[in-house]
Amino acid sequence: MRFSFKLVVLLFILIFTSCTVTKKICPCEASQIIRLGEKEVEINAQISLIDSTSLGGMKVKIPLTTSDHTVLPTNFEADYYYIRSSNLTRDAFEGKFTAINTYFAKGIMVLETNNTPQWDAGELVDIAVHLTDSRGKVHFLKKDAVPIEPANR
């Protein structure tokens, strides 16, 4: 009995720490759609290599939209993004957005950044966005397996 209790406790700890969110790891249980108040907000993403050797890196564009394409909720902020490559030899990357464009009436928030590492065209990347609502509660939206597009030439 004592052994089985220890085994149950160990399994409990493993389950709850296996997907712990830190600033270095992309949240693994995030959804593609979340509810904020009366609205559902969903994520989409595009990644492309930057066509300048002086800048390097990738350009990431993440539109967040309401599912019904009506007014965007005003009670949240997007601050961080996390990217994780399907190439497991690469470390996950965390960064802040360089541009946030909000079109409340159309239900759209477009998050952009170009302060990323340069990975390879065709590589699949998981992208998660860290959101905070007006009460300080943290939410994550995640888009899986986004292909990196070649630079626009």
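By convention here, the first residue in the shown sequence is residue 1.
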Can a donor-acceptor pair be found, under 3.5 Å and without considering hydrogens, that links the side chain of [X] to the backbone of [Y]?
| X | Y | result |
| --- | --- | --- |
| Thr98 | Glu112 | yes |
| Ser86 | Leu124 | yes |
| Gln118 | Gly57 | yes |

Minimum heavy-atom distance [X]-[Y], with the two atoms named:
| X | Y | value |
| --- | --- | --- |
| Val129 | Ala78 | CG1-CB, 4.1 Å |
| Thr102 | Met109 | OG1-CE, 3.7 Å |
| Val146 | Ala45 | CG1-O, 3.8 Å |

Next item on the list: Go through the steps to decide whether Thr74 and Phe104 satisfy the test side-chain contact (heavy atoms from CB on, under 4.5 Å), and finish with yes or no.
Entry: CA-CA 8 Å; Thr74 59; Phe104 284 103; 3.6 Å; yes

Margin query: Checking Leu72 against Ile108 for the side-chain contact (heavy atoms from CB on, under 4.5 Å) test, could you report, in this order, the C-alpha distance in whole Å, the side-chain angles of both residues, the deciding distance, and whether it holds?
Written below: CA-CA 6 Å; Leu72 193 68; Ile108 301 171; over 6 Å; no

Check: Does any donor atom in the side chain of Ser85 or Glu123 lie under 3.5 Å from an acceptor atom in the other side chain?
Finding: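 There is such a pair (donor and acceptor under 3.5 Å, judged by atom type) between the side chains of Ser85 and Glu123.
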
How long is the span from the [atom1] atom in [X] to the [atom2] atom in [Y], to the nearest 0.5 Å?
| X | Y | atom1 | atom2 | answer |
| --- | --- | --- | --- | --- |
| Leu49 | Ile148 | CG | CD1 | 6.5 Å |
| Asp144 | Asp126 | CG | CG | 4.5 Å |
| Lys59 | Thr113 | NZ | OG1 | 10.5 Å |

Next item on the list: Decide if atom CD of Gln32 counts as having more than 12 heavy atoms of other residues, nucleotides or ligands within a radius under 6.0 Å.
Entry: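 Counting neighbours around CD of Gln32, more than 12 heavy atoms of other residues, nucleotides or ligands fall under 6.0 Å, so yes.
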
Next item on the list: Answer yes or no: are there more than 12 heavy-atom neighbours, outside Lys143 itself, under 6.0 Å from its atom NZ?
Entry: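 Result for NZ/Lys143: enclosed.
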
Item checked: Carboxylate-amine/guanidinium proximity below 4.0 Å for Asp120 and Arg90 ->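 Salt bridge flag = yes for Arg90 with Asp120.
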
Check: Under 4.5 Å between side-chain heavy atoms, hopping through other hydrophobics if needed: is there a path connecting Phe97 to Met58?
Finding: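 The answer is yes; both residues are in one hydrophobic cluster.
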
State, yes or no, whether a side-chain contact exists between [X] and [Y] at a heavy-atom distance under 4.5 Å.
| X | Y | answer |
| --- | --- | --- |
| Asp79 | Thr132 | yes |
| Leu131 | Ile34 | yes |
| Glu149 | Pro147 | yes |
| Val110 | Tyr103 | yes |

Note to self: Check whether Tyr81 forms a cation-pi arrangement with Lys96 (NZ or CZ under 6.0 Å from the six-membered ring centre, at most 45° off the ring normal).
What the structure shows: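 No, Lys96 does not lie over the aromatic ring of Tyr81.
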
Item checked: Steps toward side-chain contact (heavy atoms from CB on, under 4.5 Å) verdict (Trp119, Ile83) -> CA-CA 11 Å; Trp119 294 345; Ile83 58 175; 3.9 Å; yes

Give the table of side-chain donor-acceptor pairs shorter than 3.5 Å for residues 61-68, with sequence neighbours excluded, one pair per line with atom names and distance.
residue	atom	partner	partner atom	Å
Thr66	OG1	His69	N	3.3
Thr66	OG1	Thr70	N	3.1
Thr66	OG1	Thr70	O	2.8
Ser67	OG	Glu42	OE2	3.3
Asp68	OD1	Thr70	N	3.2
Asp68	OD1	Thr70	OG1	2.7
Asp68	OD2	Thr70	OG1	3.1

Cut-off 3.5 Å, no hydrogens considered: what does the side-chain donor-acceptor table look like for residues 133-141, sequence neighbours left out?
residue	atom	partner	partner atom	Å
Asp133	OD1	Arg135	N	3.0
Asp133	OD1	Gly136	N	3.1
Asp133	OD1	Lys137	N	2.9
Asp133	OD2	His139	NE2	3.0

